[in-house]
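Since the structure comes first, as structure tokens, the remarks are kept for the end.
Numbered from 1 within each chain, the chains take letters A, B, ... in sequence-line order.
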There are 2 protein chains.
Amino acid sequence: MRYEDLADEPCSITRPLVVLGDRWTLVLLKHCFSGVRRFNAFRTAMGISRSRLQDRLDRLVEHGILVRQRPEDSTYDEYRLTDKGLAVYPILMAIRDWGDAYMAPDGPPVRYRHRDCTGEAHVTLACDACGDTMTARDVTPELGPGLEGKLGQD
Amino acid sequence: MRYEDLADEPCSITRPLVVLGDRWTLVLLKHCFSGVRRFNAFRTAMGISRSRLQDRLDRLVEHGILVRQRPEDSTYDEYRLTDKGLAVYPILMAIRDWGDAYMAPDGPPVRYRHRDCTGEAHVTLACDACGDTMTARDVTPELGPGLEGKLGQD
DNA sequence: GGATCCGGTCTCGAATCGGAACCACTTGGT
DNA sequence: ACCAAGTGGTTCCGATTCGAGACCGGATCC
């Protein structure tokens, strides 16, 4: 089975991973959030090869995560985050929280601060009903609407 | 530059991505959270090839995300999540929230419910000082302790 | 015009991947 | 004891992907 076939799985974890979960893609998006927009800017920021960068950019544009557009004051295109792309931010912040906790022996290299505030941004998993913070052990998976309709079919 | 060299970057996003951010790895961890522990169980659940699965398992064990251990009542080893591995859960839930929002046209295939509660688990990015919910636009990166010591050195 | 920057394509050797064959060990049946 | 089946793992091979560099067309600047 090829990795791309995971996109057919009725699972909201594997489906995004087919797009985002390979080498460079999330690194590329991380740089988008730091304001990188141009082809060569990505290249120097990431150290990725030209052809690979092109692959990734094309795929992200194809999936509506980036848009490629020409600013009025420039002769060159820019790759910018769409709303769908901006919504990836919590994923990166969840990765960062984990990285700060387990892969930053000297402490966090970068603080992600709340603008005009003393606090920092952190990701929490919580229940949307009672508001309690949750861990993996507090979660029970259950059939959702995206699967119910498909059960009696075959 | 090779992808693995990103591990040298002083960045708590890229460093985890060198371990987690390639094909299959996060998919594998997802199955760990659904109770999959044995080699062939991963294989049938994921459709991954034997050699690739071995690579990934070895790497996760090497990084202390999984432990390989023999239960008393069995003749075969199991791969189980460590605390470091359990802490990956918010990353997967952040991916799922995004997948439910943008890649689940028929609605969420699976609900991740709070045990003994009516609510569902969701990831939020919030300020740890004022408690406000945040988006990418509310965040300002700032020098952290993991970098401060290294600045005047070279 | 020539030099330079920019984004992008193409090519080629190296690394990675998927699938199958193969192996050692354990279990169950006869 | 024997054979069959299952389990975890390694090794091999052809196919895909990757990284690095060459190349190319267009815009800019001198």
Side-chain angles (χ1 to χ4, degrees), chain A residues 1-9 14 17-29 31-32 35-63 66-81, chain B residues 1-9 14 17-29 31-32 35-63 66-81:
Chain A
M1 190 205 220
R2 306 183 46 71
Y3 182 73
E4 288 77 23
D5 299 337
L6 289 178
D8 303 331
E9 297 272 311
T14 56
L17 282 177
V18 174
V19 184
L20 308 174
D22 63 353
R23 290 179 161 190
W24 295 116
T25 303
L26 282 172
V27 179
L28 197 164
L29 287 172
H31 287 288
C32 291
V36 177
R37 291 172 189 171
R38 296 259 296 261
F39 190 84
N40 278 348
F42 285 112
R43 254 179 61 65
T44 56
M46 300 165 64
I48 190 178
S49 70
R50 293 167 101 66
S51 33
R52 231 37 54 202
L53 176 58
Q54 198 64 48
D55 290 349
R56 299 298 188 265
L57 287 171
D58 286 348
R59 186 144 52 97
L60 289 170
V61 168
E62 188 184 319
H63 281 84
L66 298 179
V67 260
R68 179 177 175 172
Q69 59 188 12
R70 176 81 44 103
E72 294 178 2
D73 58 340
S74 168
T75 31
Y76 300 111
D77 286 352
E78 286 183 355
Y79 295 90
R80 308 200 57 167
L81 289 159
Chain B
M1 188 206 220
R2 307 186 43 72
Y3 183 71
E4 289 76 24
D5 299 337
L6 289 178
D8 303 330
E9 297 273 311
T14 56
L17 282 177
V18 174
V19 184
L20 307 174
D22 62 353
R23 289 179 162 189
W24 296 115
T25 304
L26 282 172
V27 179
L28 198 164
L29 287 172
H31 287 288
C32 292
V36 178
R37 291 173 189 171
R38 296 258 296 262
F39 189 84
N40 277 348
F42 285 112
R43 254 179 61 66
T44 57
M46 300 166 64
I48 190 179
S49 71
R50 289 171 165 285
S51 33
R52 232 37 55 201
L53 176 57
Q54 198 64 47
D55 290 349
R56 300 298 189 262
L57 287 171
D58 287 348
R59 186 144 52 97
L60 289 170
V61 168
E62 188 183 320
H63 280 84
L66 298 180
V67 259
R68 178 177 176 173
Q69 59 187 13
R70 176 84 42 105
E72 295 177 1
D73 59 339
S74 168
T75 31
Y76 299 111
D77 285 353
E78 286 183 354
Y79 296 91
R80 307 199 57 165
L81 289 160

Task: Contact under 4.0 Å: A/Arg56 side-chain N or O vs D/dC18 OP1/OP2 - done: yes
Open item on the list: Judged by each residue's nearest nucleotide on DNA chain C, which is more toward the 5′ side, B/Asp55 or B/Arg50?
Closed with: B/Asp55
Task: Minimum-distance nucleotide (side-chain atoms of A/Arg23 versus C/dT16, D/dT7, D/dC12) - done: C/dT16
TODO: Report yes if the side chains of B/Ile48 and B/Leu28 come closer than 4.5 Å at any heavy-atom pair, otherwise no.
DONE: no
- [ ] Would you indicate which nucleotide in D/dA20, D/dG8, C/dT16 comes nearest to any side-chain atom of B/Glu4?
- [x] C/dT16
Task: Base of C/dG19 paired with side chain of B/Ser51 (donor-acceptor, under 3.5 Å) - done: yes
Task: Nearest-nucleotide 5' precedence on DNA chain C, B/Arg2 against A/Arg68 - done: A/Arg68
Open item on the list: Within the 4.0 Å heavy-atom criterion, would you say B/Arg43 contacts the bases, only the backbone, or no part of the nucleic acid?
Closed with: nothing
Task: Nearest-Å distance for atom pair CD1/C1', residues A/Ile48 and D/dG19 - done: 10 Å
TODO: Starting from C1' on D/dC18, measure out to CG on A/Leu53 and report it in whole angstrom.
DONE: 13 Å
Task: Separation of atom CZ in B/Arg52 from atom P in D/dT16, rounded to whole Å - done: 15 Å
- [ ] Decide yes or no for A/Gln54 and A/Arg50: does some side-chain heavy atom of the first lie under 4.5 Å from some side-chain heavy atom of the second?
- [x] no
Task: d(CD, B/Glu78; P, D/dG8) in whole Å - done: 10 Å
- [ ] Compare side-chain N and O positions of A/Trp24 against OP1 and OP2 of D/dC18 and report whether any pair is under 4.0 Å apart.
- [x] no
- [ ] Measure from CG on B/Asp22 to C1' on D/dT16 and round the result to the nearest Å.
- [x] 16 Å
Open item on the list: Under 4.0 Å, heavy atoms only, any strand: does B/Arg38 hit a base, just the sugar-phosphate, or nothing?
Closed with: sugar-phosphate
- [ ] Starting at atom CZ of B/Arg37, determine the distance to atom C1' of D/dT7, rounded to an integer number of angstrom.
- [x] 18 Å
TODO: Find the distance A/Phe39:CZ to C/dG8:P and express it as a whole number of Å.
DONE: 6 Å
TODO: Please examine the side chains of A/Arg38 and A/Glu78, heavy atoms only from C-beta on, and report whether any two atoms are closer than 4.5 Å.
DONE: yes
Open item on the list: Is any side-chain heavy atom of A/Arg43 closer than 4.5 Å to one of A/Asn40?
Closed with: yes
Open item on the list: Of the listed nucleotides (C/dG18, C/dG7, C/dG8), which one gets closest to any side-chain atom of A/Asn40?
Closed with: C/dG7
Open item on the list: Heavy atoms only, 4.0 Å cut-off, all strands: where does A/Phe42 land among base, sugar-phosphate and nothing?
Closed with: nothing
Task: A/Arg37 vs A/Tyr79 side-chain heavy atoms within contact, under 4.5 Å - done: no
Open item on the list: Whole angstroms only, please: what is the OH-P distance between A/Tyr76 and C/dC5?
Closed with: 11 Å
Task: Nearest-nucleotide pick for A/Gln54, side chain only, options being C/dG8, D/dG19, D/dG9 - done: C/dG8
Open item on the list: Just N and O in the side chain of A/Tyr79: are any of them under 4.0 Å from OP1 or OP2 of C/dG8?
Closed with: yes
Open item on the list: Taking the side chain as everything from C-beta on, heavy atoms only, tell me whether A/Asp22 gets closer than 4.5 Å to B/Asp22.
Closed with: no
